[in-house]
Amino acid sequence: MLEIQRIRTNKDEIIEGLQKRHFDASPIIDEILTLDEQWRASKASLESIAAEMNQISKQIGILFKEGKQEEANAAKAKTGELKSSEADLKTKVDELDEKITSLMYQLPNVPNSLVKQGRNEEDNEIIEEHGKEPVYGFTPHPHWELADKYDLIDFELGVKITGAGFPVYKGKGAKLQRALINFFLEEAESAGYTEHQVPHVVNEASGYGTGQLPDKEGQMYYSESDDLYLIPTGEVPLTNIYRNVLLPDENFSIKLTGHTPCFRREAGSYGAHVRGLNRLHQFDKVEIVRIEHPNNSEKALTEMVNHVKGLLEKLGLHYRILRLCGGDTGFAAAMTYDFEVYSAAQKKWLEVSSVSRFDTFQTTRLKLRFKNANKKSQLCHTLNGSALALPRIVACILENYQTEKGIEIPEALHKYTGFTEI
RNA sequence: GGAGAAUUGGCAGAGUGGUCGAAUGUACCGGUCUUGAAAACCGGCGUACCGCAAGGUACCGGGGGUUCGAAUCCCUCAUUCUCCGCCA
């Protein structure tokens with residue numbers, strides 16, 4: 001959520017920034033400002049009436065204490081009118097509040113100055129490309145064929161137990177995945193991130209805190225009888241650890257990591273592009289999250305990008321980095337770098353990580369602040385990224401490391417898998 | 001799941017209808033004293049919103065209600081503790 005203060009003072013900058021998303025903010029912002037003005041006026045009168053009521057009540061108290069019953073009762077009689085206009089104003093203020101908030105929820109984050117204007121993924125900028133496309137002396141198989149051939153993943157079983165999009169990993173397939181999780185967690189740990197094991201189900205307040213609600217309500221699995229949501233990413237519980245927190249000073253740099261399953265309804269996406277591991281309802285991910293001083297978030301983003309690069313290099317995968325254009329950048333993010341790995345077998349790029357800075361967009365909702373040098377509360381910045389999402393990495397390893405006889409395991413994983421080939 | 005008790009400022013803890021944003025202790029910050037420290041003493045010490053300011057308003061687990069007036073009474077939800085039940 002943007003800060004109302006910022007909307008009041010930097011309206012034009014926000015409208016201009018949001019044009020990079022092809023989002024026309026001016027009608028919403030104008031409405032917010034009109035309502036905000038009414039809100040302030042109503043609030044001022046409400047408070048002056050409240051002040052008057054408080055005065056009278058205090059007087060009545062004194063009169064009763066002095067035994068002046070009649071005067072007290074007379075004073076009581078006077079309050080009726082004040083009370084009803086207080087109630088009316090209160091209703092009005094609450095209504096305005098609600099309207100303003102719901103409009104504020106509709107405004108996405110303002111893109112960073114580096115972000116280019118654009119509508120969709122076609123306008124994303126390719127920033128870097130590393131590694132080489134693997135060369136095969138044969139026609140490479142897509143991972144779902146390999147998974148079947150070597151008995152690594154059973155999609156049918158998942159359908160039987162749950163439904164489409166919930167695969168069962170078996171034998172070396174399961175072990176490969178577990179090895180990757182350990183590899184990612186240990187890499188994160190050596191980069192200074194503290195490992196956390198967090199709930200996989202969150203309450204409504206947490207969903208609002210990181211911005212999944214109300215924007216992506218339909219994307220999350222929801223248990224109505226408990227009013228709880230299955231997490232769509234570890235970002236939600238990890239970041240919400242710091243909801244309603246006031247850090248005591250400005251010397252902080254909080255780095256969290258955790259492995260969680262992620263649950264996504266992915267309503268409406270079917271067909272060939274969701275084949276195999278490409279898009280699932282449940283998948284595992286190691287997430288990295290940072291809470292930073294605003295002056296440090298640019299540096300933090302670079303560090304996170306370098307961390308993810310390091311992982312992909314160690315796995316020896318051919319990858320590229322995109323800076324998303326305005327239209328493709330997520331609702332809450334100010335800037336996002338996507339990492340894609342090339343699948344030669346499928347002849348397409350698969351997104352395996354997304355690293356974003358949110359500036360104060362999440363922390364306004366989270367109420368996550370620190371005391372700055374002037375002893376004033378100031379909003380922190382948050383960032384997060386996948387490091388890494390498992391299934392597509394598994395898919396790419398299977399595809400890119402396939403030989404005619406089997407699948408080689410990247411060397412970095414040997415100590416975690418306990419085997420060197422499948 | 002059932003019964004009971006509780007939830008107050010960083011922590012501890014008083015307050016059961018009126019001048020309570022809240023005693024007191026402790027922690028913390030500043031000062032006096034001291035060669036330095038401790039002790040003692042003095043002062044300060046929550047958050048948010050509106051306002052140029054003076055100031056005002058709100059907040060005693062969350063939400064709602066009663067009342068001229070609520071930390072205090074009522075309803076409801078959450079959490080914690082104790083006992084019972086169930087259980088990996």
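Sequence lines set the chain letters: A, B, ... in the order given, protein chains first and strands last, and positions in each chain run from 1.
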Can you list every pair that meets ring pair (Phe, Tyr, Trp, His ring centres under 6.0 Å) and has a residue in residues 4-28 of chain A, with sequence neighbours left out?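 Residue pairs with at least one partner in residues 4-28 of chain A: there are none.
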Residue pairs passing the ring pair (Phe, Tyr, Trp, His ring centres under 6.0 Å) test with at least one member in residues 149-172 of chain A, sequence neighbours excluded, are Phe166(A)-His281(A)
Interatomic distance at [atom1], [N] relative to [M], whole Å:
| N | M | atom1 | value |
| --- | --- | --- | --- |
| rA6(B) | rG25(B) | C1' | 22 Å |
| rU24(B) | rC74(B) | P | 29 Å |
| rU47(B) | rA38(B) | C1' | 35 Å |
| rG4(B) | rC87(B) | C1' | 23 Å |
| rG69(B) | rG18(B) | C1' | 6 Å |
| rG13(B) | rG1(B) | C1' | 35 Å |
| rU34(B) | rC28(B) | P | 24 Å |
| rC45(B) | rA54(B) | C1' | 23 Å |

Between [X] ([atom1]) and [N] ([atom2]), how many Å, whole number?
| X | N | atom1 | atom2 | answer |
| --- | --- | --- | --- | --- |
| Leu379(A) | rU47(B) | CG | P | 15 Å |
| Leu247(A) | rG10(B) | CG | C1' | 15 Å |
| Phe370(A) | rU47(B) | CZ | P | 15 Å |
| Asn372(A) | rU47(B) | CG | P | 12 Å |
| Ile62(A) | rC68(B) | CD1 | C1' | 13 Å |
| Leu63(A) | rU19(B) | CG | C1' | 12 Å |
| Glu66(A) | rU19(B) | CD | P | 14 Å |
| Lys376(A) | rG46(B) | NZ | P | 13 Å |

Hey, does the side chain of [X] reach the backbone of [Y] with a donor-acceptor pair shorter than 3.5 angstrom?
| X | Y | result |
| --- | --- | --- |
| Asn112(A) | Val115(A) | no |
| Asp249(A) | Asn251(A) | yes |
| Thr101(A) | Asp97(A) | yes |

Determine which pairs satisfy salt bridge (charged side-chain N to carboxylate O under 4.0 Å, His left out) with at least one residue from residues 158-179 of chain A, sequence neighbours left out, and list them in order. Asp151(A)-Lys170(A), Asp154(A)-Lys170(A)
Answer with base, sugar-phosphate or nothing: what part of the nucleic acid does [X] contact at a heavy-atom distance below 4.0 Å?
| X | answer |
| --- | --- |
| Lys65(A) | base |
| Thr79(A) | sugar-phosphate |
| Lys371(A) | sugar-phosphate |
| Ile56(A) | nothing |

Ignoring hydrogens, what is the shortest heavy-atom contact between Leu256(A) and Tyr193(A)? Give both atom names and the distance.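 So the minimum-distance heavy-atom pair works out to O-CD2, 3.5 Å.
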Stems with RNA chain B, 3 or more Watson-Crick or G-U pairs in a row (under 3.5 Å), are B:1-7 with B:78-84, B:10-12 with B:24-26, B:28-32 with B:40-44, B:46-50 with B:55-59, B:61-65 with B:73-77
Of the options rA48(B), rU19(B), rG18(B), whose atoms approach the side-chain atoms of Ser377(A) most closely? rA48(B)
Using a strict 4.0 Å threshold on nitrogen-to-oxygen distance, state whether Glu292(A) and Lys299(A) make a salt bridge. no
I'd like to know if Glu411(A) and Lys314(A) make a salt bridge, using a cut-off of under 4.0 Å between side-chain N and carboxylate O.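 Looking at Glu411(A) and Lys314(A), the cut-off is not met.
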Strictly by side-chain hydrogen bond (donor to acceptor under 3.5 Å, both in side chains), give each pair with a member in residues 42-67 of chain A just once, sequence neighbours left out.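 Sorted pair list: Glu66(A)-Lys68(A).
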His200(A) NE2 to Gln197(A) CD distance, which is reported to the nearest 0.5 Å: 7.5 Å
Does the side chain of Arg369(A) get closer than 4.0 angstrom to OP1 or OP2 of rA48(B) through an N or O atom?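 For rA48(B), OP1 or OP2 has a side-chain N or O of Arg369(A) closer than 4.0 Å.
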List the protein contact pattern of nucleotides 49-67 of chain B with one symbol per nucleotide (5' to 3'): B for base contact, S for sugar-phosphate-only contact, - for none; contact means a heavy-atom distance under 4.0 Å. SSS----BBS---------
